[in-house]
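First up is the structure itself, then whatever we jot down about it.
Throughout, numbering of the chain's residues begins at 1 and tracks the sequence. Nothing here was measured: the structure is a model prediction, and the numbers come from that model.
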Amino acid sequence: MIDTPQRLAVVVDPGLPLGLIANTVATIAIGIGAAMPVFGNSVLVDRQGRRIHNSADRAVPILQAPSDDIRRILLAAIEEPRSGLVVAFPKFARALHTFDQYRSQFPHVDLAEEKIEGAGLAGPDKWVRSLT
């Protein structure tokens with residue numbers, strides 16, 4: 001169980017076309033949810049007994065920033081993790097078609113030099129707020 005209040009935030013480049021913004025946010029959210037199921041993973045049952053999984057158990061702010069600012073936030077978060085989670089969407093990932101391609105290329109990139117189209121943060125409330 002997590003003792004301190006937890007917060008989420010997704011920051012995305014507003015200069016992207018709407019479809020790419022949606023894709024970036026969705027991909028980041030999946031990464032956060034997979035790594036920290038405490039933010040969801042509840043089964044809800046309606047009065048007719050129909051069961052669904054919840055989408056999230058708290059607000060997920062979607063913030064806007066240019067890619068240079070997102071990269072700055074990302075690098076600061078990585079340097080000072082404070083038990084938080086960092087998920088990134090670097091631009092080079094968009095040209096790849098499989099996760100295996102992404103995983104094999106990732107060790108050859110420098111995030112400080114990449115265009116970052118989106119980043120997600122999850123962790124202690126104070127840490128996420130300090131970065132966003």
Side-chain angles (χ1 to χ4, degrees):
M1 176 165 239
I2 297 174
D3 296 332
T4 60
Q6 300 290 294
R7 183 173 192 80
L8 298 163
V10 176
V11 187
V12 66
D13 183 345
L16 295 171
L18 186 57
L20 295 184
I21 289 174
N23 175 260
T24 301
V25 171
T27 303
I28 289 169
I30 288 171
I32 291 171
M36 296 184 80
V38 68
F39 291 122
N41 203 25
S42 295
V43 175
L44 304 172
V45 182
D46 77 2
R47 73 174 178 222
Q48 297 298 322
R50 293 177 285 244
R51 301 165 60 88
I52 64 167
H53 278 83
N54 71 310
S55 54
D57 68 353
R58 67 201 72 217
V60 182
I62 308 300
L63 310 173
Q64 299 179 29
S67 63
D68 288 344
D69 289 346
I70 298 171
R71 183 177 48 242
R72 181 187 51 74
I73 291 167
L74 174 71
L75 295 173
I78 292 169
E79 293 299 318
E80 188 70 36
R82 298 189 195 172
S83 301
L85 173 72
V86 180
V87 177
F89 196 114
K91 182 179 180 177
F92 83 90
R94 193 142 338 260
L96 306 174
H97 300 289
T98 68
F99 180 71
D100 286 338
Q101 290 174 323
Y102 180 66
R103 185 185 354 227
S104 69
Q105 283 193 21
F106 198 86
H108 305 289
V109 302
D110 180 347
L111 290 175
E113 297 173 358
E114 289 295 320
K115 180 175 182 178
I116 308 298
E117 295 184 342
L121 306 171
D125 182 84
K126 187 174 182 180
W127 176 72
V128 172
R129 287 180 186 270
S130 74
L131 292 162
T132 57

Exercise for the section: Go through the steps to decide whether Asp125 and Arg129 satisfy the test salt bridge (charged side-chain N to carboxylate O under 4.0 Å, His left out), and finish with yes or no. Expected result: CA-CA 6 Å; Asp125 182 84; Arg129 287 180 186 270; 3.0 Å; yes
Practice task
Under the side-chain contact (heavy atoms from CB on, under 4.5 Å) rule, what do Ile62 and Val12 come out as? Steps first, then yes or no, please.
Solution key: CA-CA 7 Å; Ile62 308 300; Val12 66; 4.1 Å; yes
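With values rounded to the nearest 0.5 angstrom, Thr24 atom OG1 is found 8.5 Å from Ile70 atom CD1. Separating the OG1 atom in Thr132 from the CZ atom in Arg7 is a distance of 6.5 Å, to the nearest 0.5 Å. Remark: Leu20 CG to Thr27 OG1 distance equals 10.0 Å, nearest 0.5 Å.
Among pairs with a residue in residues 73-92, those fulfilling ring-ring contact (aromatic ring centres under 6.0 Å, His included) read Phe92-Tyr102, at least two apart in sequence or across chains. Applying the salt bridge (Lys or Arg N to Asp or Glu O under 4.0 Å) rule to pairs touching residues 93-108 yields Arg94-Glu117, Asp100-Arg103, sequence neighbours excluded. Under the salt bridge (Lys or Arg N to Asp or Glu O under 4.0 Å) criterion, the residue pairs touching residues 48-61 are Asp46-Arg50, with sequence neighbours excluded.
Of all the heavy atoms in Gln6 and Phe39, the pair that sits closest is CB-CE2, 3.6 Å. Residue Asp13 comes nearest to Gly15 through the heavy atom pair OD1-N, 2.8 Å, listed as atom of the first residue, atom of the second, then distance. Residue Val11 comes nearest to Ala65 through the heavy atom pair CG1-CB, 3.7 Å, listed as atom of the first residue, atom of the second, then distance. The shortest heavy-atom contact between Val86 and Ala77 is CG2-CB, 3.7 Å. In this structure, Leu63 and Ala9 approach most closely via the heavy-atom pair CD1-CB, 4.3 Å. Residues Ile73 and Leu131 come closest through the heavy atom pair CG1-O, 3.6 Å.
Between His53 and Asn41, the closest side-chain pair of non-hydrogen atoms falls below 4.5 Å. Contact annotation: the side chain of Val128 never approaches that of Leu8 to less than 4.5 Å [non-hydrogen atoms, C-beta and beyond].
Partners of Val87 by side-chain contact (heavy atoms from CB on, under 4.5 Å), not counting sequence neighbours, listed by chain and number: Ile28, Ile32, Leu85.
Put simply, Val60 and Ile21 are part of the same group of oily side chains (I, L, V, M, F, W, Y) that touch within less than 4.5 Å, one to the next. In the hydrophobic clustering of this structure, Ile116 does not group with Ile30; members are Ile, Leu, Val, Met, Phe, Trp, Tyr whose side-chain heavy atoms approach within less than 4.5 Å, directly or through other members.
The backbone N or O of Glu80 lies less than 3.5 Å from a partner atom in the side chain of Trp127, making a donor-acceptor pair.
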Please report, to 0.1 Å, the donor-acceptor pairs under 3.5 Å made by any side chain of residues 105-115, with sequence neighbours excluded.
{"from": "Asp110", "atom 1": "OD1", "to": "Ala112", "atom 2": "N", "distance (Å)": "2.9"}

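Counting Ile, Leu, Val, Met, Phe, Trp and Tyr side chains that sit under 4.5 Å apart, directly or through other members, Leu44 shares a hydrophobic cluster with Ile52.
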